[in-house]
Number of protein chains: 2
Amino acid sequence: MTRKTPKIRNMEEFASVSGLSRPTVSKYFNDPESVRASTRARIEQALEHYDYRPNIYAINQNRKLTKNVGIVVPYLADPFFAEIARNVEQRCIDAGFRPTLYSAHGDPALEVEILDSLRSLKPAGVLMAPLGRSSIRAEIEKFCGHVPTVLFDSNIPDLGLAFVGSNNTQFSMLMVEYLCRTGEPPCFLEMRTPSNPNANKRRQGYLDAMARLGLEPKVVRIDGEGWAFEEIGRAGAHGVFDAGGFPSTTVLCSNDRLAIGVLTACWEKGIRVGIDGEATIRVAGQDDHPLARYTCPPLTTIAQDYEAISSHAVNTLARAVEGEKKPHETTLFEGKLVMRYSA
Amino acid sequence: MTRKTPKIRNMEEFASVSGLSRPTVSKYFNDPESVRASTRARIEQALEHYDYRPNIYAINQNRKLTKNVGIVVPYLADPFFAEIARNVEQRCIDAGFRPTLYSAHGDPALEVEILDSLRSLKPAGVLMAPLGRSSIRAEIEKFCGHVPTVLFDSNIPDLGLAFVGSNNTQFSMLMVEYLCRTGEPPCFLEMRTPSNPNANKRRQGYLDAMARLGLEPKVVRIDGEGWAFEEIGRAGAHGVFDAGGFPSTTVLCSNDRLAIGVLTACWEKGIRVGIDGEATIRVAGQDDHPLARYTCPPLTTIAQDYEAISSHAVNTLARAVEGEKKPHETTLFEGKLVMRYSA
DNA sequence: CTTATCTCTTTACTCGCGTAAAAAATAAAT
DNA sequence: ATTTATTTTTTACGCGAGTAAAGAGATAAG
């Protein structure tokens with residue numbers, strides 16, 4: 001650590017101690033490459049001796065658009081979103097943006113509030129995973145009219161610059177195919193009122209796959225509101241067991257968190273889950289939740305391609321911010337089957 | 001929705017359409033109570049007709065301190081931190097602040113970077129859960145010298161305005177007492193190089209409790225770096241089993257995530273965990289991780305008082321921001337035993 | 001109705017930086 | 001050395017507010 005000598009109040013002072021003019025220094029901070037190498041060296045040397053950094057507020061006051069990027073996810077306490085947010089955040093930084101993370105905590109009103117306060121930050125762009133079904137489309141649409149926005153994870157048709165997500169239909173089809181190949185054809189477990197459109201795609205994938213295999217689909221719907229999926233899955237599964245059990249010894253859950261709840265219910269009912277001889281039921285999920293590998297038994301699931309989704313989303317936004325005009329585009333990444341011991 | 005008519009560019013324009021002068025409107029935005037009720041009504045009525053909000057950047061440019069508050073956690077993908085961050089965030093909003101959430105993603109260098117970029121936001125204050133052992137004390141100390149900072153969860157002695165956390169020693173003692181009362185005295189499982197000081201407190205609590213009960217303590221240390229606690233617990237437990245097993249049929253883990261990994265290892269080894277007749281081992285955790293209730297078997301653990309911690313931390317910061325001077329103060333909240341089926 | 005008090009309006013200056021235009025200095029090429 | 005191209009300096013204005021000071025207007029009390 002060099003000792004940072006006197007305090008520098010503003011760019012004017014910093015320019016003078018580095019022996020340059022303010023506009024030149026200003027140019028440097030906007031793009032270090034835009035000044036001659038020797039000048040750059042002088043500034044960077046001065047930066048090591050004096051503790052100065054431009055005032056963000058003064059910088060952004062005039063600029064029509066800042067380097068800020070908002071990342072909005074529906075529910076950060078869900079490790080799946082925490083993980084993808086982490087990915088997206090890092091890529092934003094790499095792309096030279098200043099990301100800020102927001103969670104709607106499952107509340108559509110809060111989601112709108114976030115967008116609202118985001119507008120006053122004049123962000124260069126926003127990466128948003130909408131709450132889904134319960135999102136207030138009109139509000140989001142209005143927001144997208146003001147700020148370049150890329151949606152991810154959960155689609156709202158034709159909104160924003162682009163959508164990047166997973167091919168949820170393929171997810172279910174892949175899993176159905178695997179489950180049928182290795183045991184009894186699955187029934188499909190989902191929430192009666194799924195909180196996001198991916199659930200519908202997954203159900204459709206299940207239905208399609210079963211139809212193609214000439215099998216009768218059996219969809220089991222359980223009640224529950226909100227984002228406490230594990231509890232919904234657990235309570236729902238108990239209800240199903242008490243009402244006579246699942247229509248198949250193989251249960252494909254709409255997502256991993258639901259599946260985790262189902263595993264808990266099975267444990268509580270003394271029902272062995274898995275693929276070995278003693279087990280009487282198989283349970284599979286979808287998403288590859290960070291804890292899916294650690295459930296008992298470890299959960300067989302479909303892995304989302306976190307990296308591809310986040311990297312493509314950020315790239316799309318970055319290009320749009322740089323002025324590239326493109327029609328609305330939907331990009332879906334395929335999932336990979338992760339075979340573990342629950343199915 | 002009222003249709004918001006023409007666009008208002010700045011406070012000058014907004015003042016004129018609401019039939020007032022700019023300084024008066026400015027006063028209103030700084031404190032609505034500071035203008036006469038009739039004036040306030042006129043402004044608020046204008047706000048419904050015209051879409052205007054003060055430019056954040058212009059506002060903060062001169063103010064020495066803003067309404068911003070930074071919330072820094074070590075690892076957001078850990079649902080425990082996501083949950084406490086959510087709590088803290090909400091309370092900051094209630095207290096009239098603009099919170100922004102940051103995660104160090106387990107990386108001390110990133111933590112320092114966050115503090116660095118936080119400084120240029122001129123926050124009114126910061127609520128920080130340090131990475132712990134690996135935090136770079138000197139840097140954080142420097143930061144605390146510039147920005148009022150309240151530490152939570154993980155303590156760094158005498159740093160910042162105050163520390164708010166859990167009484168980790170009590171956690172372990174409470175659990176040891178329970179475990180001894182209901183079965184074989186526990187051994188204690190922890191990482192060889194725990195990533196934060198709470199782990200040391202917990203070990204000490206275990207040692208104290210065992211000593212008080214006149215029992216011989218048995219600490220089992222496993223290897224592993226980083227924040228992938230579940231995997232560390234799983235791999236570590238496998239190692240222990242392969243080397244002859246735990247020194248007790250009761251395993252108290254330093255935290256829930258480690259315990260989750262141990263449960264997985266037990267499943268993989270075919271070892272039944274729990275308190276019923278068929279089980280051969282008991283496993284307990286500490287923290288009441290959001291998923292602890294859904295493990296198989298559901299994890300017996302010690303619940304942190306999220307609410308008390310976050311509320312006390314935010315209150316402490318708020319009072320300090322309002323000018324209250326107080327010596328450094330450490331507040332610890334007690335944990336509650338959550339009995340489930342793993343122990 | 002007068003006076004004392006608030007509240008609001010006017011006017012004017014500040015903050016830290018972006019940015020444009022013209023002049024000056026430096027570097028590269030002939 | 002001269003020309004040309006590039007970079008930097010000077011000068012100056014603008015952004016959207018905060019804020020201070022003085023005077024005018026409204027309100028409440030006597």
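Order of the sequence lines fixes the chain letters, A, B, ..., with proteins taken first and strands second; residue numbering starts at 1 for each chain. Values in this document were obtained by computation on a predicted structure and should not be read as measured data.
- Under the rule for a side chain to side chain contact (heavy atoms under 4.5 Å, CB included), Lys325(A) has no partner lying at least two apart in sequence or in another chain.
- As a whole-Å value, the separation of Asn55(B) CG from dG16(D) P is 7 Å.
- Rounded to whole Å, atom P of dT7(D) lies 11 Å from atom CZ of Arg40(A).
- A straight line from CD of Glu12(A) to P of dC15(C) spans 12 Å, rounded to a whole angstrom.
- Judged as a side chain to side chain contact (heavy atoms under 4.5 Å, CB included), and not counting sequence neighbours, the contacts of Arg36(A) are Ser38(A), Thr39(A).
- In this structure, NE2 in His105(B) is found 7.0 Å from CG in Leu76(B), a value given to the nearest 0.5 Å.
- Between Asn60(A) atom CG and dT19(C) atom P the separation is 11 Å, expressed in whole Å.
- One atom, CG of Asn62(A), and another, C1' of dC17(C), lie 7 Å apart when rounded to the nearest Å.
- Between Thr39(B) and Arg53(A), it is Thr39(B) whose nearest contact on DNA chain C lies nearer the 5' terminus.
- The distance between atom CD1 of Ile59(B) and atom C1' of dC15(D), rounded to the nearest whole Å, is 14 Å.
- In this structure, Arg9(A) places its CZ atom 16 Å from C1' of dC17(C), rounding to the nearest Å.
- Less than 4.0 Å separates DNA chain D from at least one heavy atom of each of the following residues of residues 22-37 of chain A: Arg22(A), Pro23(A), Thr24(A), Val35(A), Arg36(A).
- Summarising the geometry, the separation between CZ on Arg63(A) and P on dT19(C) is reported as 6 Å, rounded to the nearest angstrom.
- Residues passing the side chain to side chain donor-acceptor pair (under 3.5 Å) test with Asp116(A), sequence neighbours excluded: Arg53(B).
- Residue Asn10(B) is in sugar-phosphate contact alone, with no base atom involved, counting any heavy-atom pair closer than 4.0 Å across all strands shown.
- Applying the salt bridge (charged side-chain N to carboxylate O under 4.0 Å, His left out) definition to pairs two or more places apart or across chains, none involves residues 66-77 of chain A.
- Within the structure, salt bridge (charged side-chain N to carboxylate O under 4.0 Å, His left out) pairs that include any residue of residues 73-82 of chain A comprise Asp78(A)-Arg257(A) (at least two apart or interchain).
- Remark: of the listed residues Asp305(B), Asn87(B), Asp153(B), Asn87(B) is the sole one forming a side-chain hydrogen bond (donor to acceptor under 3.5 Å, both in side chains) with Ser310(B).
- Heavy atoms of Tyr52(B) sit under 4.0 angstrom from primed sugar atoms or phosphate atoms, though from no base atom.
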